[in-house]
S.K.: 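The structure that follows is given in the form of structure tokens.
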There are 2 protein chains.
Amino acid sequence: MAAEFVEGERLDEVTLAARFSVSRTPVREALHALAASGLVETLPRRGVFVRYPSFIKLVEMFDVMAELEAMCGRLAARRITEEELERLEAAALACESAMERGDADEYYRENERFHHVLYHASGNSFLAEQSSRLHKRLQPFRRLQLRVRGRLRQSMQEHRDVQKAVAAGDAEGAARGLRRHISIQGENLKDLMANFARYHQRTMPQKP
Amino acid sequence: MAAEFVEGERLDEVTLAARFSVSRTPVREALHALAASGLVETLPRRGVFVRYPSFIKLVEMFDVMAELEAMCGRLAARRITEEELERLEAAALACESAMERGDADEYYRENERFHHVLYHASGNSFLAEQSSRLHKRLQPFRRLQLRVRGRLRQSMQEHRDVQKAVAAGDAEGAARGLRRHISIQGENLKDLMANFARYHQRTMPQKP
DNA sequence: GTCAATGTTCTTGTATACAAGAATCACATT
DNA sequence: AATGTGATTCTTGTATACAAGAACATTGAC
């Protein structure tokens, strides 16, 4: 049996149906949903193929994410409510405490909270939805690069700066801080990938 | 027979299947695709309902579009190729000529070209894809507001400004121009909606 | 008269059977 | 030997049959 869910692999409907003991119909629906979210690619009359984003696409996605988050920050600085501001501070503090305890998982969770509060504080529900979507899609790669030496402390400082700018109503400062915060993640990803490539020969090639 | 594709209407699988002389299966697939693109909403075990974006959501979408286009412009100003620049100019000129002839359809088509060239010239394929997606989703509402008095001439001038900024490599100028270009569309939409509401009593209510 | 419970009907979700297009392999021809 | 053509097989796309859950109506009780 071939390894599963590896880049470029073809997902056979009947095989998957048998594997999960259901008929082809729900499998098809699930695959279509995956295709809509971009994780797999359907070629008409050919089948569906798992498709990890190429390295280049990943960097592009981080660039767009940086801009979306910057927009969230810019709007949030003007529109955030008192209650949301408190939640933002709480998340930032929880991040800090998690970092001091060296609890990466906890840091990760509170980091999520921090960003989602900002998305909603933008007051633009469509923007919040799009940001969450992309955030989720980049999740595994973001998580990966928390391993970079000293990244936790640096990331936390960036959160602090953003939170202060938002609290002060400094729209452009918040935007700048967030754009930078995400861009750095993209940059770190490049470093990780370079190392990964050195050790594993290949990065993440595009589909066959 | 009820009016079709009106806000909140339920789309019955068997009815649609009969209407287009196919079985329920392809109808279901089509409805799922529509749900993924956000044009309809599926309630589990209840059915799918047409769902026009609410007025507020529409404005939010235009705001995000403005930011995405601005990002495209900023990148394009730095990355555009000679060939793409020529196509951008050609589209702008075609817009101008269409306007002078008063050919709204032609203007509309060339306007599409203009923007799509910019998306691709950004050199960020993910950004281009997302921009195209949202652009398409806003299409009917953009088209609507070309009717605003004097909008065509104004829009054309904005295109000119953007094209010049891109040609000059002025990233921030291009970004500003595009953000403004789209924002104006959002503002005009508000005016149109206000009038629409005055004459028709209701705007576009959220689903039942 | 109103409310609740139960049964009927209607609609979606799932399984399976069938059709049509794509890939592959064999064989023939150049 | 290489390439093109045809047949076979495999896989997706579509149709239909069946099951299960939701809405609705009817009937009974308070």
Side-chain angles (χ1 to χ4, degrees), chain A residues 1-54 57 125-126 129-130 132-133 136-137 202 204-208, chain B residues 1-54 57 125-126 129-130 132-133 136-137 139-140 202 204-208:
Chain A
M1 188 187 307
E4 275 170 14
F5 307 131
V6 297
E7 166 82 36
E9 186 193 8
R10 179 163 149 278
L11 296 176
D12 186 30
E13 292 181 0
V14 300
T15 309
L16 287 172
R19 184 164 207 71
F20 294 105
S21 306
V22 293
S23 85
R24 272 178 54 219
T25 313
V27 170
R28 284 175 66 82
E29 311 236 328
L31 289 179
H32 281 124
L34 286 177
S37 80
L39 271 155
V40 303
E41 184 182 20
T42 41
L43 277 60
R45 290 269 177 203
R46 297 286 307 280
V48 347
F49 299 84
V50 289
R51 166 179 152 173
Y52 290 152
S54 73
K57 186 145 195 174
S125 67
F126 180 73
E129 186 195 314
Q130 294 298 316
S132 290
R133 223 192 182 91
K136 188 172 179 184
R137 204 161 154 196
R202 56 176 210 135
M204 282 185 175
Q206 206 49 317
K207 77 166 190 68
Chain B
M1 188 188 304
E4 273 170 15
F5 306 132
V6 296
E7 166 81 37
E9 187 193 9
R10 180 163 150 278
L11 295 175
D12 186 29
E13 292 181 0
V14 300
T15 308
L16 286 172
R19 181 164 209 71
F20 294 105
S21 306
V22 294
S23 84
R24 273 179 54 217
T25 314
V27 170
R28 284 174 67 80
E29 312 236 326
L31 288 180
H32 281 125
L34 285 178
S37 80
L39 271 155
V40 303
E41 183 183 22
T42 41
L43 277 60
R45 289 270 177 202
R46 297 287 307 278
V48 349
F49 299 83
V50 278
R51 167 180 152 167
Y52 291 151
S54 74
K57 187 146 194 173
S125 67
F126 180 73
E129 188 195 312
Q130 294 297 317
S132 290
R133 226 191 180 90
K136 188 172 178 185
R137 206 163 152 193
Q139 190 166 333
R202 55 178 212 136
M204 283 185 174
Q206 211 42 322
K207 79 161 187 69

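The figures here come from the full heavy-atom set of this structure, side chains too, leaving out hydrogens, waters and symmetry mates. Numbers restart at 1 for each chain; the letters A, B, ... are given by sequence-line order, proteins then strands. The shown structure was predicted, so the numbers you read here are calculated from the model rather than taken from an experiment.
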S.K.: Would you tabulate the nitrogen or oxygen pairs shorter than 3.5 Å linking the protein to nucleotides 20-24 of chain D?
M.R.:
unit_1	atom_1	unit_2	atom_2	d
dA23(D)	OP1	Arg46(B)	NE	2.7
dA23(D)	OP1	Arg46(B)	NH1	3.0

S.K.: Taking only side-chain N and O atoms of Thr25(A), does any of them lie within less than 4.0 angstrom of OP1 or OP2 on dT14(C)?
M.R.: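 Answer is no, no contact under 4.0 Å.
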
S.K.: Using the side-chain contact (heavy atoms from CB on, under 4.5 Å) rule, pick out the option among Thr42(B), Val27(B), Val48(B) that qualifies with Leu11(B).
M.R.: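 Among the candidates, only Val48(B) passes.
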
S.K.: CD of Glu29(B) versus C1' of dG13(D): gap in Å, rounded?
M.R.: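 One finds 8 Å between C1' of dG13(D) and CD of Glu29(B), rounded.
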
S.K.: Taking the side chain of Ser23(B) as its heavy atoms from C-beta onward, which of dT11(D), dT14(D), dG13(C) lies nearest to it?
M.R.: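 When the side chain of Ser23(B) is considered, dT14(D) is the closest of dT11(D), dT14(D), dG13(C).
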
S.K.: Identify, with sequence neighbours excluded, every residue that meets salt bridge (charged side-chain N to carboxylate O under 4.0 Å, His left out) alongside Arg133(B).
M.R.: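 Partners of Arg133(B) under the salt bridge (charged side-chain N to carboxylate O under 4.0 Å, His left out) test: Glu129(B).
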
S.K.: Write down the distance between CG (Leu31(A)) and C1' (dT11(D)), rounded to a whole number of angstrom.
M.R.: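 The distance from CG of Leu31(A) to C1' of dT11(D) comes to 13 Å, rounded to the nearest Å.
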
S.K.: Of the nucleotides dA17(D), dA15(C), dT14(D), which one has an atom closest to the side chain of Arg24(B)?
M.R.: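 Per side-chain heavy atoms of Arg24(B), the pick is dA17(D).
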
S.K.: Check the pair Leu31(A) / Glu13(A) against side chain to side chain contact (heavy atoms under 4.5 Å, CB included), numbers first and verdict last.
M.R.: CA-CA 9 Å; Leu31(A) 289 179; Glu13(A) 292 181 0; 4.1 Å; yes

S.K.: Would you kindly give the CZ-to-P distance between Phe49(B) and dT11(C), to the nearest whole Å?
M.R.: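 Answer to the nearest Å: 12 Å.
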
S.K.: For the pair made of CG in Leu11(B) and P in dC10(C), what is the distance, rounded to whole Å?
M.R.: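 Answer to the nearest Å: 20 Å.
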
S.K.: With a 4.5 Å limit on heavy-atom distance, are the side chains of Arg46(A) and Arg10(A) in contact?
M.R.: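 No. Closest side-chain heavy atoms not under 4.5 Å.
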
S.K.: Does any part of the side chain of Val50(B), heavy atoms only, come nearer than 4.5 Å to the side chain of Leu34(B), both counted from C-beta?
M.R.: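 The answer is no, as the side chains (C-beta and beyond) never meet within the 4.5 Å cut-off.
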
S.K.: Do Arg24(B) and Glu29(B) have side chains that get closer than 4.5 Å, going by heavy atoms?
M.R.: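 With C-beta onward as the side chain, the pair stays apart.
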
S.K.: Rounding to a whole Å, what distance do you find between Phe20(A):CZ and dG13(C):C1'?
M.R.: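 Answer to the nearest Å: 19 Å.
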
S.K.: For dC10(D) and Arg10(A) - does any side-chain N or O of the residue sit under 4.0 Å from the phosphate oxygens OP1/OP2?
M.R.: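 For dC10(D), OP1/OP2 do not have a side-chain N/O of Arg10(A) under 4.0 Å.
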
S.K.: Any side-chain heavy-atom pair from His32(A) and His32(B) closer than 4.5 angstrom?
M.R.: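 Not in contact.
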
S.K.: Starting at atom CZ of Arg28(B), determine the distance to atom P of dT12(D), rounded to an integer number of angstrom.
M.R.: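 Value for this atom pair: 19 Å.
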
S.K.: Can you check the Asp12(B) CG to dG13(C) C1' distance for me, whole Å?
M.R.: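 Taking CG of Asp12(B) and C1' of dG13(C), I get 14 Å after rounding.
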
